[in-house]
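These numbers come from a predicted model, not from an experiment.
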Amino acid sequence: QAQLVESGGGLVQAGGSLRLSCAASARTFSLYAMGWFRRAPGKEREFVAAITRRGGITDYADSVKGRFAISRDNAKTTVYLQMASLKPEDTAVYYCAAKRDGIPTRVGTSYDYWGQGTQVTVSS
C-alpha cells in the first residue's frame, strides 16, 4: 500500500512556473512507475507525464511537451513535475499516481495508487 501526497500547487500568472511534488510513503517506491494526471473543470482526467522506476524514460502529453518535466528522487521517495510557460488551459487539479508493475502508461485506470490532488490555477 502506498500513500501519495501532492504539494506545490497554487495561483500563477500565464508564463510563470511551478514545481509540484508528490511524496510517497511506500518503501517500494523505487519499484513503481509514476505518473501525473490532471482534471480541468468540466473535463475528464487526462494524462500529463510518466516516468519509469529509475527515471530513465519519460513520456509526456503533447500539450505539455517541452514545457513540463517529470523527475524522481528515489532516495526521497518523491516525484516532481516542473511546469514552465504555464497557460490558462493548464488550470486543473493535478494528481500523482503510482503503478506497481513499474511500467508507465498513459491510462489512468492502470495505476494502483493516487494522491488527493493539488490545485493549479493559471491566470491570463
Sequence neighbours left out, what passes side-chain hydrogen bond (donor to acceptor under 3.5 Å, both in side chains) with Y80? Give chain and number order.
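Partners of Y80 by the side-chain hydrogen bond (donor to acceptor under 3.5 Å, both in side chains) criterion come out as none, since no residue qualifies.
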By the rule that ILVMFWY residues connect when side-chain heavy atoms come within less than 4.5 angstrom, directly or transitively, which residues belong alongside Y95?
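Traced through the cluster, Y95 reaches F37, F47, V93, Y111, W114.
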For the pair R45 and T109, evaluate side chain to side chain contact (heavy atoms under 4.5 Å, CB included) and give the outcome as yes or no after the intermediate values.
CA-CA 10 Å; R45 183 179 62 195; T109 53; 4.2 Å; yes
Taking all non-hydrogen atoms of both residues, which atom of [X] and which atom of [Y] are closest, and how far apart?
X: L81; Y: A49; answer: CD1-CB, 4.2 Å
X: I70; Y: W36; answer: CD1-CD1, 3.5 Å
X: A24; Y: L4; answer: CB-CD2, 3.5 Å
X: S124; Y: P88; answer: CB-CG, 3.8 Å
X: P104; Y: A50; answer: CB-CB, 3.7 Å

Do [X] and [Y] have side chains that get closer than 4.5 Å, going by heavy atoms?
X: L20; Y: E6; result: no
X: D90; Y: V120; result: no
X: L86; Y: Q13; result: no
X: K99; Y: S110; result: yes

Quick one: [atom1] on [X] to [atom2] on [Y], what's the gap to the nearest 0.5 Å?
X: D59; Y: I51; atom1: CG; atom2: CD1; value: 11.0 Å
X: Y32; Y: R72; atom1: OH; atom2: CZ; value: 10.5 Å
X: R38; Y: S63; atom1: CZ; atom2: OG; value: 4.5 Å
X: T58; Y: K65; atom1: OG1; atom2: NZ; value: 9.5 Å
X: F68; Y: M83; atom1: CZ; atom2: CE; value: 5.0 Å
X: Q3; Y: T77; atom1: CD; atom2: OG1; value: 12.0 Å

Could you tell me whether the side chains of Y94 and R39 share a donor-acceptor contact shorter than 3.5 Å?
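No - no donor-acceptor pair under 3.5 Å links their side chains.
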Can a side-chain donor-acceptor contact be found between T78 and S21 if the only test is distance below 3.5 angstrom?
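On atom types as modelled, these side chains do not qualify, holding no pair under 3.5 Å.
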Test Q82 against S71 for side chain to side chain contact (heavy atoms under 4.5 Å, CB included), laying out the working first.
CA-CA 8 Å; Q82 181 69 49; S71 62; over 6 Å; no
Heavy-atom count check: over 12 atoms from other residues, nucleotides or ligands less than 6.0 Å from I57 CD1?
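Open: at most 12 neighbouring heavy atoms sit under 6.0 Å from CD1 of I57.
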Determine, stepwise, if the pair R67 / Y60 fulfils side chain to side chain donor-acceptor pair (under 3.5 Å).
CA-CA 10 Å; R67 300 188 298 121; Y60 298 95; over 6 Å; no
Is it true that D112 and R100 have a side-chain N and a carboxylate O under 4.0 angstrom from each other?
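Looking at R100 together with D112, the answer is yes, because their closest N to O distance falls below 4.0 Å.
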Walk me through it: do T121 and T91 pass the test side chain to side chain donor-acceptor pair (under 3.5 Å)?
CA-CA 5 Å; T121 303; T91 294; 5.2 Å; no
Keeping N74 on the side-chain end and R53 on the backbone end, is there a donor-acceptor pair under 3.5 Å?
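Here the side-chain-to-backbone pair exists.
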